[in-house]
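Working notes, structure below.
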Number of protein chains: 2
Amino acid sequence: MAQPSAKYLGVKSGVADWLREGRWKFGQAIPSEPVLAHRFGVSVGTVRRAVDELVAENILVRQQGRGTFVASHTRDYLFNVFFRIVNKDGQKERSTPRLLSFRRVAADRTTAAALRIAHGAPVYRIRNLIMLRRTAVAFDDIRLPERLFPGLTEYALSQRETTVYGVLQQRYGVNVLWAEELVSAVIAGGSLRTLLDLTRPSAVLKVQRTAYTYRDVPIDFRYRFVSTAHHGYQIFLGRH
Amino acid sequence: MAQPSAKYLGVKSGVADWLREGRWKFGQAIPSEPVLAHRFGVSVGTVRRAVDELVAENILVRQQGRGTFVASHTRDYLFNVFFRIVNKDGQKERSTPRLLSFRRVAADRTTAAALRIAHGAPVYRIRNLIMLRRTAVAFDDIRLPERLFPGLTEYALSQRETTVYGVLQQRYGVNVLWAEELVSAVIAGGSLRTLLDLTRPSAVLKVQRTAYTYRDVPIDFRYRFVSTAHHGYQIFLGRH
DNA sequence: TTCGATTTGTTCGTATGTATT
DNA sequence: TAATACATACGAACAAATCGA
């Protein structure tokens with residue numbers, strides 16, 4: 001057992017294991033640092049170091065005087081991290097979704113590869129319009145693997161007060177941690193032009209996203225088409 | 001002066017100031033932790049905390065047994081962080097630049113605002129083609145403030161073995177730490193179509209970038225137009 | 001409102017381990 | 001081998017925020 005590895009790493013993976021097992025729910029407090037220290041047989045400083053890293057990875061949240069909590073990704077957090085559409089001034093605006101359709105379909109080859117499931121395995125397909133100031137700015141075509149989210153209903157999505165990711169967190173305890181996107185430019189075709197209210201043939205962004213949870217398990221594969229007539233897609237490189 | 005703020009933050013900004021002033025060159029070692037502790041009148045642990053954060057921000061690099069060094073951003077690092085064009089498989093390819101023009105001009109309003117300089121202040125304007133496998137994939141229109149990079153020449157840029165950012169680092173000791181981009185989709189017009197070898201009117205990405213060095217000082221404002229017929233723009237959200 | 005207990009935040013000092021020169 | 005530098009770990013003390021009695 002006496003690996004030549006640091007104790008704080010042991011504490012970190014121990015706590016991470018508990019989190020993955022769902023030992024505490026989102027927003028709940030984990031044991032205090034002295035308690036964890038005693039439980040792992042290390043000093044408080046060592047626990048702090050482990051918790052420091054989990055906080056840096058957005059897995060835990062500290063609050064002085066209260067405790068340390070399982071990161072509950074609020075609507076604000078999800079909005080800040082995963083919603084990148086801004087207006088020409090670089091400002092974000094509150095968006096409201098409009099659910100267009102919800103179906104259970106078989107995964108095509110691309111979807112299956114991205115979600116690492118079998119070709120033909122069942123996925124939910126969700127089509128969504130993103131409205132900013134009553135105009136449609138983006139169109140989403142989302143695939144979620146059924147195996148991870150059994151029993152997801154159109155009702156749950158239409159009634160939501162949060163993002164799709166918020167629903168996955170609240171109903172299934174699955175947290176989206178990061179995502180990879182591949183952006184290209186295309187000329188909007190017929191149905192897309194109708195959806196986005198484009199009077200003339202226009203260039204739009206085509207964003208292909210795969211989102212991941214703990215252990216880099218993919219949970220969301222989607223296309224998003226963004227009209228950039230009055231908006232843009234904001235990116236940060238090299239942290240911030 | 002006795003702000004209710006932590007000492008380690010004082011050490012951190014003190015060291016960051018030294019770096020911005022160019023007190024040490026890239027790759028050089030900064031004073032050891034005990035020396036810094038003595039100089040700032042704090043304990044070694046406090047210095048470590050400050051250095052920890054600067055390391056996390058890619059500003060310093062530690063090496064056990066050797067010392068702590070000013071991060072020297074290699075071509076590989078700059079390529080990985082700031083070059084986001086990938087092929088349809090999501091793989092990056094080595095790119096070669098082709099310098100089209102180099103001029104000294106007055107900053108227009110947009111450039112001046114982005115670079116936080118006076119309207120009309122001198123800037124270098126660099127036009128650049130990015131070649132991947134002998135085909136032009138992107139066109140750059142770059143503005144750098146002359147005040148920060150006096151005496152920059154076309155020769156220095158054309159002879160470079162690295163990126164533009166590499167030149168700024170090597171010749172002026174200025175490190176690009178992060179950048180903000182605003183991406184939109186446009187239909188390529190006449191001259192752009194010629195440059196990018198587009199036979200038909202095509203949608204291309206228009207990337208507007210502002211890059212920053214220490215203390216969030218802007219040093220590069222550019223437009224990049226990317227042909228996404230055979231390539232895409234890769235983005236990561238929420239760390240990686 | 002006040003007070004005390006609890007919890008995280010900051011700082012210090014010390015000791016030991018490991019990598020480099 | 002010895003000196004130097006960073007890495008890890010421990011323990012202690014006090015500050016600041018929170019919460020309930």
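Labels below follow one simple rule: chain letters A, B, ... track the order of the sequence lines, proteins then strands, and each chain is numbered from 1.
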Let's test your reading of the model: under 3.5 Å, does the base of dA16(D) pair with the side chain of Gln64(A) as donor and acceptor? yes
Within this structure, what is the [atom1]-to-[atom2] distance between [X] and [N], rounded to whole angstrom?
X	N	atom1	atom2	result
Asp52(B)	dA5(D)	CG	P	18 Å
Glu33(A)	dG11(D)	CD	C1'	15 Å
Phe40(A)	dC10(D)	CZ	C1'	18 Å

Quick check on [N]: is either OP1 or OP2 less than 4.0 Å from any side-chain nitrogen or oxygen of [X]?
X	N	answer
Arg62(B)	dA7(D)	yes
Arg66(B)	dT4(D)	no
Thr46(A)	dT8(D)	no

What is the nucleic acid contact for [X], judged by heavy atoms within less than 4.0 Å: base, sugar-phosphate only, or nothing?
X	value
Val42(B)	sugar-phosphate
Arg48(B)	base
Gly45(A)	nothing

Non-hydrogen side-chain atoms of [X] and [Y] separated by less than 4.5 Å:
X	Y	value
Val167(B)	Phe149(B)	no
Arg224(A)	Glu181(A)	no
Leu60(A)	Val51(A)	yes

Contact interval (first through last nucleotide) of DNA chain C with protein chain B, 4.0 Å heavy-atom: dT10(C) to dT21(C)
Which of these passes side chain to side chain contact (heavy atoms under 4.5 Å, CB included) with Leu144(B): Val123(B), Ile126(B), Ile219(B)? Ile126(B)
Check for me whether Arg94(B) meets the cation-pi criterion with Phe79(B), that is, NZ or CZ under 6.0 Å from the six-membered ring centre and within 45 degrees of the ring axis. yes
Side chains of Tyr8(B) and Asp52(B), donor plus acceptor under 3.5 Å: no
Report the residue (Ile30(B) or Tyr8(A)) whose heavy-atom-nearest nucleotide on DNA chain D is the more 5′ of the two. Ile30(B)
Applying the 3.5 Å cut-off to both distances, the Watson-Crick or G-U partner of dT1(C) turns out to be none
Step by step, work out the ring-ring contact (aromatic ring centres under 6.0 Å, His included) result for Tyr212(B) and Tyr214(B). CA-CA 7 Å; Tyr212(B) 300 84; Tyr214(B) 302 105; over 10 Å; no
